[in-house]
Structures are given as C-alpha cells and as structure tokens.
Asks: 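Dropping a structure here in structure tokens format, bear with me for questions.
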Amino acid sequence: MKRTLFRALAGVFPALAAGSLAAQTPGAPAATRARVDSLLSRMTLEEKVGQMTQVTVGVVAARDSPPYDSILLDPEKLRDAVVTHHAGSILNVLGGALSVQGWHDAIRRIQDVATKETRLGIPVLYGIDFVHGADYARGGTIFPQNLGMAATFDTALARREGEITGDEAYASGLAWNFAPVLDVGRQPLWPRFYETFGEDPYLAAEMGRHEVMGMQRSGHVAATLKHYLGYGNPRSGHDRTPAYMTVREVRESYLPPFAAAVRAGARTVMVNSADIDGEPLHASRYWLTDVLRGELGFQGVIVTDWADITNLHTRHHVAPTLRDAVRMSVQAGIDVSMTPNDYQFYDDLLQLVREGTIPESRIDESVRRILTLKAELGLLDAPYPDPEAAARFGTAESAAVARQAARESITLLRNDGGVLPLRRDARILVTGPAASSLTALNGGWTYTWQGADAAQLPDAPRTLLQAMLKRGRDVRYVGGSTFTDPIDIVAAANAAREVDVAVVAVGEDAYAETPGNIDDLDLPEAQLRLVQAIQATGKPVVLVLVEGRPRIVSRVADGARGIVMAYWPGMQGGEAIADVLFGDWNPGGKLPFTYPRHANALMTYDHRYTEEINAAGTDRPGPGGWDPQWEFGTGLSYTTFAYAGLELGAAEIGPDGRLPVRVTVTNTGTRAGQETVLLFTRQRYASLSPPVRRLRGFQKVSLQPGESRTVAFTLSADDLRYVGRDGKPVLEPGEFDVMVGGLTGTFRVTGASAAPAAGGGR
Ligand code: BGC
C-alpha cells in the first residue's frame with residue numbers, strides 16, 4: 001500500500017523514483033524497539049506528556065545568566081522543567097552564541113538532572129538552529145545562507161555543509177538541529193527568502209536531501225525539515241502570514257523537497273507557523289498525518305514551531321480555548337510542542353487524556369517516536385558531550401570549505417566590456433554600506449537571532465573592504481551611505497572622480513523572521529542615490545549586491561558596468577567576493593530565483609505562457625508581461641561556454657519509458673571555469689495550462705580552456721508528470737521539449753498513465 005502511494009509521489013518528483021520505500025523509512029531495529037517499549041511500559045502519563053514538551057532555555061536559566069558565551073542555569077527551574085514537568089527537550093540560546101565549553105557545561109548540567117534525578121533517567125534532547133553552519137557556537141564554521149548555497153548548484157558542497165554542521169553540532173554536545181529549511185521561496189518579499197534554496201522545488205529537493213544526508217551521517221545528530229508546508233509563499237510577503245494556494249499547487253511546488261528529504265532519512269520535521277487557505281498547518285490532520293505520514297511514509301518526530309499551538313487560539317482563531325488548541329494539534333499529528341515558555345501544553349494535554357478526549361494510545365505513539373529518536377542518536381547510552389569530538393569543531397579545513405561555498409555561490413550578472421576582473425593597476429574606490437559590514441555578509445541566525453549585533457561577531461573574518469585592502473591594490477574607501485540613510489554621498493562621488501573604477505556594495509543588513517518584514521522591495525532610496533551619484537561621474541561602476549532577497553535595482557542596473565550577486569555569503573564572504581572581483585576565482589554561480597525588475601511583477605520562472613503576454617499583446621519580454629531583471633539560472637563567467645550536439649536517445653517514449661539526453665559543453669574562452677548545465681522540460685499541451693519550463697536536471701562541470709565534456713541525463717516518465725486537478729500526479733501523452741543551454745529537442749510521450757492515487761486529492 002505504502003509503496004503504491006510512494007510511487008505516486010515519485011511521479012510528482014523524480015528524485016523519489018530510485019529505490020524502494022522500505023529502504024528509506026527508518027524502521028528502528030528490533031533491539032531499539034524492545035528498549036523503547038520497555039521504557040514506555042514503565043512511564044506514567046505525566047512522564048509521557050513531559051517527553052512531548054519542549055521549553056526554551058530561558059525557562060531554566062538564572063535571571064542573571066550572561067546572555068552569551070555560557071548559560072547560568074537555575075537549579076530549581078531546571079528541576080521544575082525536567083523533574084517536575086518531565087520536559088523531554090530544551091532549545092535555543094539566551095541572547096546568542098555560546099562557546100563550545102559553554103555548550104558543554106550547560107548540556108552536562110541538564111543531563112545530570114535528567115539522568116540522575118528523574119525516575120527513569122531519560123536524557124534531554126537539546127535543539128538548536130544551526131541553519132547556515134554552526135551559527136550559534138563561537139568559532140563555528142559559517143556557510144552562505146541557503147539561497148547562496150543554492151546558487152552553487154553543487155550538491156557535493158551541500159553535503160559537505162551538512163557534514164560539517166552536523167559534526168560541529170555534535171562537537172558542541174547538541175543532537176538536534178533545526179535545519180535544513182526546505183521551504184520553497186516563491187515570494188521574494190518574505191523575510192525568510194534567504195533561508196530557502198530559492199524558487200525551484202527540484203533544486204531545493206536536491207540541495208536539501210544532500211544536506212540532510214551529510215548532517216545525519218554520523219548518526220549522532222538529527223536534521224529537521226522545516227517548515228512543513230507551504231510557508232514560502234505568504235500573500236502579504238510578511239512572515240507567518242497566510243498562503244492562498246490550492247492543494248494542487250502545494251503538492252506541485254512545495255511538497256517535493258520534503259518528500260525527497262524524508263526519503264533521504266530525515267529524522268524530524270518542523271511545522272509551518274502559518275496557514276494555507278485558512279487552515280493552520282499545526283491543526284491540519286490532512287497535511288501532518290494523511291500526507292506526511294501516510295503518503296510520504298515519515299516515521300520520525302514532528303515538532304511544532306515556536307508557540308504555535310498557543311497561536312491556534314491567540315492568532316489563528318481556530319481554537320476557542322488554549323486547551324482546544326492542544327487537542328487539535330495533537331489530533332492533527334504533532335509529537336513535540338515547542339511550547340516554549342510555559343507548561344500550559346503539558347497541563348492541558350494531561351487533562352485531555354485524563355478526561356478521555358485524547359486516548360493514551362495516541363500519546364504512546366508520539367512518545368515511542370521521541371524515545372526511538374533519543375535511542376538512535378545514542379543519547380540513552382551517551383547523554384553527555386563527547387570531548388573528543390571537539391577536535392572537529394571550527395577547523396581550518398572547514399573554513400576552507402565554507403570559503404569555497406561562498407566563491408561558488410557568487411553570481412556574475414553583468415560584465416560589460418570586461419570591467420571584471422578589476423585590472424591589476426586600477427585605482428579602485430570602494431563605497432556602500434555592505435562594504436564594511438560583517439553582519440551583512442552573514443545575515444540572520446548568526447551568533448544572535450537577528451544576526452545584526454556586530455559586537456558579537458568574531459574579529460578575525462574580514463569585511464569586503466578589509467579583504468580588498470589586504471590584496472596590495474590601490475583601494476580607497478568612502479562610506480557613502482548606511483543601509484537606510486545617506487552619510488557622505490557627495491564625498492563618495494568626488495572620490496570616484498579620482499579613480500578608474502568604483503565598487504559599490506549595497507543591499508541589506510542582517511534580519512530574521514518578522515523583524516525583517518518590508519512593504520517595498522526596492523533597494524532603499526539612500527543606497528540608490530549613492531549608486532546614481534557615482535554613476536553620474538561617468539566612472540565605471542561595479543555593483544555588489546549583498547542581500548537576503550532580491551531588492552529591486554532597476555533604476556541603477558543599466559548604468560552599472562558590472563553586477564555581482566553575493567547573497568549573504570557568510571563569514572568567508574568578504575574574501576570570496578574579493579576573489580571574484582580580483583579574478584582569483586572565476587565565478588560560476590547561477591541565480592536560484594527570478595530577480596524581479598518591477599516591484600509588483602513577482603513571477604517565477606515556471607510561470608504559465610499567458611503570463612508572458614504584455615500590454616502590446618506580444619510574448620516578447622516587456623513591462624506588463626514577462627520582464628524580470630534577471631532570469632532564474634542567470635550567471636556569467638570570465639570564460640565562455642558553448643553548447644552543441646543536444647541528442648535525445650529516442651523520438652518517442654512510453655508511459656514507463658526513459659529518455660537518455662546528451663549535450664556537449666565546451667569552454668570556448670581563455671580561463672578555466674565552472675558551468676552548471678541546466679535541463680528544463682516543457683509539455684506543449686496539457687489538460688491544465690502547463691508551465692513554460694520546469695527544471696528537471698542539473699550537472700556542474702569544470703572545464704579548462706578549449707576542453708569539452710559530454711553531459712548525460714536520463715529523463716524518466718516520472719519527470720514529466722505534473723499534479724493534476726485532483727491533486728494526483730498525471731502523465732499526459734503528447735509532445736515535449738527538452739531545453740538545455742539554448743538548444744531544444746523534441747520527443748513524444750505515447751500512451752497515458754495517471755499515477756496511482758497519492759492519498760487522494762482534496
Ligand atoms: C523559527 C524556527 C526555529 C525556531 C526555534 C522559530 O521562530 O520559525 O525556524 O527553528 O524558532 O528557534
């Protein structure tokens with residue numbers, strides 16, 4: 001039964017197609033099951049409900065605890081949480097990052113109480129947000145935010161990021177990481193856009209599942225797929241606000257990364273705080289139980305997001321009382337409640353079971369999953385931090401991987417007249433707020449939640465300006481503007497007159513979640529004025545965009561000779577951008593989203609043909625139709641690549657057929673470079689208006705000057721399915737195009753095959 005459902009999902013998303021469901025669902029070995037059952041049989045109802053309760057560390061910290069470096073725990077509060085309320089899990093930092101020693105001390109104290117002072121001695125599972133590397137541990141390795149990672153199109157790097165982050169979590173004594181974010185970012189105003197792997201479900205699935213495999217490789221750390229489901233398209237663009245989408249669209253564009261990462265063995269899933277078409281995910285039995293468990297076969301732990309059961313009552317207004325909220329979310333399928341500030345969940349759930357509203361067997365299901373997770377992570381046998389693991393924390397080798405990731409993320413969007421790389425003898429003005437900011441390179445979730453407290457960041461990594469200054473070139477600096485206000489725009493323009501080229505680094509300073517809400521996607525006025533003032537001098541301008549989402553730059557883009565998109569590249573970002581500007585690295589990143597040109601024209605690359613028609617009634621790009629600043633997949637290089645010889649292995653395939661595709665890429669320039677080969681498909685006619693193209697494969701190649709490589713893909717019929725009107729994957733016969741590097745091939749699918757039911761539509 002499950003296998004059939006799984007096949008149906010594989011139809012929606014091809015990466016699911018290889019292998020069997022049985023190979024993927026992490027069914028615990030018999031010995032673990034016996035151990036968990038034995039524990040469970042000895043637990044009181046209170047102990048069970050406690051295992052489902054997660055509190056934030058502030059609840060157990062002393063009032064005068066320092067906010068950083070280490071946490072002073074209050075023994076009485078800790079006992080109240082772990083002994084009296086039997087809390088099975090704790091999360092978060094107080095103010096910000098701890099040293100590894102600080103983490104070890106805190107975890108040791110918590111486990112002392114859990115293992116020595118409770119009846120059954122079950123260790124606490126500590127959860128943390130290491131979302132772009134070990135961002136809450138001082139000296140940890142910090143990677144580009146996911147959006148930049150996606151621009152690398154390098155799944156091996158995603159895997160390495162996962163491995164390093166997992167190792168550094170383990171080295172810190174932390175076993176549960178709330179990453180990766182697998183939301184698909186299809187609303188660029190959204191302040192969590194940078195946490196996503198961009199707008200394409202296939203790319204997000206590929207990067208995400210590799211990161212999960214890396215992170216969980218050691219077996220000691222659980223990854224968390226978040227935030228299930230449909231969080232990445234709030235209509236308002238504000239965080240935690242509703243998406244208005246059909247089930248069909250959610251399945252087509254938002255479910256695939258979660259399906260792929262569940263299949264890759266992810267141990268936990270966190271729920272979306274918002275709602276889809278009025279249904280809060282935390283109260284949705286359909287999405288949490290029918291789809292996630294029933295169709296995807298997920299057997300791990302489902303955790304709520306921050307206070308989101310309470311929010312069913314206080315914000316969503318679907319639960320008349322707090323107790324109703326608890327009932328609804330437990331019935332929907334949650335296992336752990338990130339309460340996180342009090343014990344109301346614990347009290348209400350106890351009451352609901354005692355009065356018979358929720359059967360104890362339902363509690364047992366969740367507790368069995370939680371205990372299985374703890375057992376499989378090795379916590380039951382080794383609850384304390386492993387001092388030996390610290391050797392794998394924050395190594396030079398890991399920093400080198402992060403730097404490589406930052407370099408590979410950087411995306412060259414324009415290079416008129418070969419203004420880049422900067423000439424050796426060029427006199428260079430550096431200006432703009434992002435040039436001298438380490439917080440802007442790192443973005444949110446860096447040492448602090450907002451990431452904007454520069455005083456907390458380490459001294460050693462360099463800003464872009466510092467990285468440029470140390471390279472022995474003629475580099476001068478004038479601030480120009482802050483992210484929001486002018487400082488000395490006239491002085492910057494005067495300085496520009498004295499140099500050969502101006503590098504203007506603009507964008508956004510760090511933010512996270514709701515504090516990052518905006519109502520206007522334009523780059524702030526002060527920064528636009530700075531760029532315009534420099535451009536008015538007639539000197540060539542290289543724009544460097546350091547930002548978590550695509551702030552609109554159409555007013556200044558055409559006047560810039562070079563444009564470099566850096567995303568939020570992390571601690572090594574200054575060096576990486578300097579590598580690109582000076583030609584020490586040949587950029588090969590590609591945009592993982594559509595960069596809008598107009599504030600209100602927010603379209604994705606996989607739009608419908610009708611959306612291309614503009615006011616003049618044509619499908620040529622232009623205002624009112626398809627007119628992005630830069631398309632998904634845009635990315636130049638200091639060399640050039642040519643595509644030739646697109647070959648399709650057959651003119652026709654049947655519903656179960658496979659289509660080999662080959663294409664040859666040649667480096668036709670004079671420098672070694674990396675090229676990501678993107679393969680798109682398009683169905684010419686379908687019952688529902690088909691997207692103009694869908695990414696169905698990518699491969700990254702490194703080529704020396706003059707070198708050619710033939711790249712091979714195999715398309716299966718599953719790659720060609722789409723989610724039909726009833727929410728089920730369907731393959732309709734007809735003509736299809738394969739598009740790679742400007743070449744197009746055509747083939748036909750014969751016969752018809754609707755995939756088996758995927759748990760039904762709705
Ligand atoms: C965020 C989650 C995060 C959690 C714990 C929430 O506000 O939405 O992504 O994992 O806090 O810090």
Side-chain angles (χ1 to χ4, degrees), residues 53-59 61 67 71 87 89-98 125-137 145-147 165 169 172 174-185 190-197 208 211-212 215 221-232 234 238-241 243 257-258 261 266-275 280-282 301-312 314-316 334-341 345 443-451 510-517 548:
T53 305
Q54 183 184 54
V55 291
T56 189
V57 70
V59 168
I71 295 178
S89 181
I90 299 180
L91 84 151
N92 213 11
V93 287
L94 267 189
L98 271 61
L125 179 54
Y126 204 103
I128 198 69
D129 293 279
F130 279 7
V131 296
H132 64 130
D135 46 36
Y136 272 155
Q145 299 279 357
N146 277 355
L147 196 62
T165 307
S172 309
L174 302 164
W176 192 2
N177 191 19
F178 301 141
V181 172
L182 292 188
D183 304 315
V184 184
W190 188 40
R192 307 194 74 167
F193 191 76
Y194 67 87
E195 295 186 56
T196 76
F197 288 112
E211 192 177 329
V212 166
M215 199 178 293
V221 173
T224 306
L225 315 180
K226 70 186 192 184
H227 309 76
Y228 180 87
L229 179 69
Y231 192 20
H238 299 168
D239 193 30
R240 290 173 153 77
T241 61
F258 289 91
R267 292 189 182 281
T268 78
V269 168
M270 188 188 294
V271 183
N272 167 12
S273 302
D275 67 70
L281 273 289
H282 281 83
V301 167
I302 300 178
V303 60
T304 75
D305 202 344
W306 192 270
D308 274 331
I309 295 182
T310 307
N311 290 338
L312 293 176
T314 56
R315 292 186 180 179
H316 294 286
I334 69 100
D335 296 311
V336 173
S337 169
M338 188 187 290
T339 64
N341 289 309
F345 166 82
W445 303 103
T446 310
Y447 281 57
T448 58
W449 174 45
Q450 292 299 308
Y511 52 80
E513 302 187 44
T514 308
N517 283 353

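Atoms within a ligand are numbered from 1 in the order they appear, just like the ligands themselves.
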Asks: Does ligand 1 come near enough to D305 that some N or O of the ligand is less than 3.5 Å from an N or O of the residue?
Replies: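 The answer is yes, given that D305 and ligand 1 share an N or O pair closer than 3.5 Å.
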Asks: State, without any angle test, whether D308 and S273 hold a side-chain donor-acceptor pair at a distance under 3.5 Å.
Replies: yes
Asks: Could you establish whether M270 and ligand 1 come within less than 4.0 Å of each other, counting only heavy atoms on the residue side?
Replies: yes
Asks: Treating T339 as the side-chain partner and Q54 as the backbone partner, does any N or O pair qualify as donor plus acceptor under 3.5 Å?
Replies: yes
Asks: Give the atom numbers and elements of ligand 1 that come within less than 4.0 Å of a heavy atom of F178.
Replies: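 Under 4.0 Å from F178, ligand 1 has these atoms: 10 (O).
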Asks: Any atoms of ligand 1 less than 4.0 Å from a non-hydrogen atom of K226? List them with their elements.
Replies: 2 (C), 3 (C), 9 (O), 10 (O)
Asks: Report yes or no: does N517 contribute a side-chain atom to a donor-acceptor pair with the main-chain N or O of D239 at less than 3.5 Å?
Replies: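 Answer holds: yes.
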Asks: Which residue owns the protein heavy atom closest to atom 7 (O) of ligand 1, what's the atom, and how far is it?
Replies: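 Of the protein heavy atoms, E513 OE1, 2.9 Å lies nearest.
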Asks: Mark yes or no for whether Y126, through its side chain, and N92, through its backbone, hold a donor-acceptor pair below 3.5 Å.
Replies: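 Looks like yes, one N/O pair under 3.5 Å.
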Asks: Are H316 and N311 close enough that a side-chain donor and a side-chain acceptor fall under 3.5 Å?
Replies: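 No, because no side-chain N or O of H316 sits under 3.5 Å from a partner of the opposite role on N311.
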Asks: How does Q54 reach ligand 1, if at all, at less than 4.0 Å between non-hydrogen atoms: by side chain, backbone, both, or neither?
Replies: neither
Asks: Spell out, as yes or no, whether a donor-acceptor pair under 3.5 Å connects the side chain of T196 to the backbone of Y194.
Replies: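 Judged by distance alone, no pair lies under 3.5 Å.
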Asks: Which of the atoms in ligand 1, numbered in the order shown and given with their element, are less than 4.0 Å from a heavy-atom of R192?
Replies: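 In order of numbering, the contacting atoms are 1 (C), 2 (C), 8 (O), 9 (O).
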Asks: Using atom types as modelled and distance alone, determine if a side-chain donor or acceptor of T268 lies under 3.5 Å from a backbone N or O of A223.
Replies: yes
Asks: What I want to know is whether W306 and ligand 1 share at least one N or O pair that is separated by under 3.5 angstrom.
Replies: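 No; the residue has no nitrogen or oxygen that sits under 3.5 Å from a nitrogen or oxygen of the ligand.
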Asks: What I want to check is whether the side chains of W445 and Q145 have a donor and an acceptor closer together than 3.5 Å.
Replies: no
Asks: So if I count the atoms of ligand 1 from 1 in the order they appear, which ones are less than 4.0 Å from some heavy atom of L91?
Replies: 5 (C)
Asks: Considering only protein heavy atoms, which is closest to atom 3 (C) of ligand 1, and at what distance to one decimal place?
Replies: D129 OD1, 3.2 Å
Asks: Can you tell which part of R240 has a heavy atom less than 4.0 Å from ligand 1: side chain, backbone, both or neither?
Replies: side chain
Asks: Of all the atoms in ligand 1, which lie at a distance below 4.0 Å from a heavy atom belonging to H227?
Replies: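 Atoms satisfying the 4.0 Å criterion: 2 (C), 8 (O), 9 (O).
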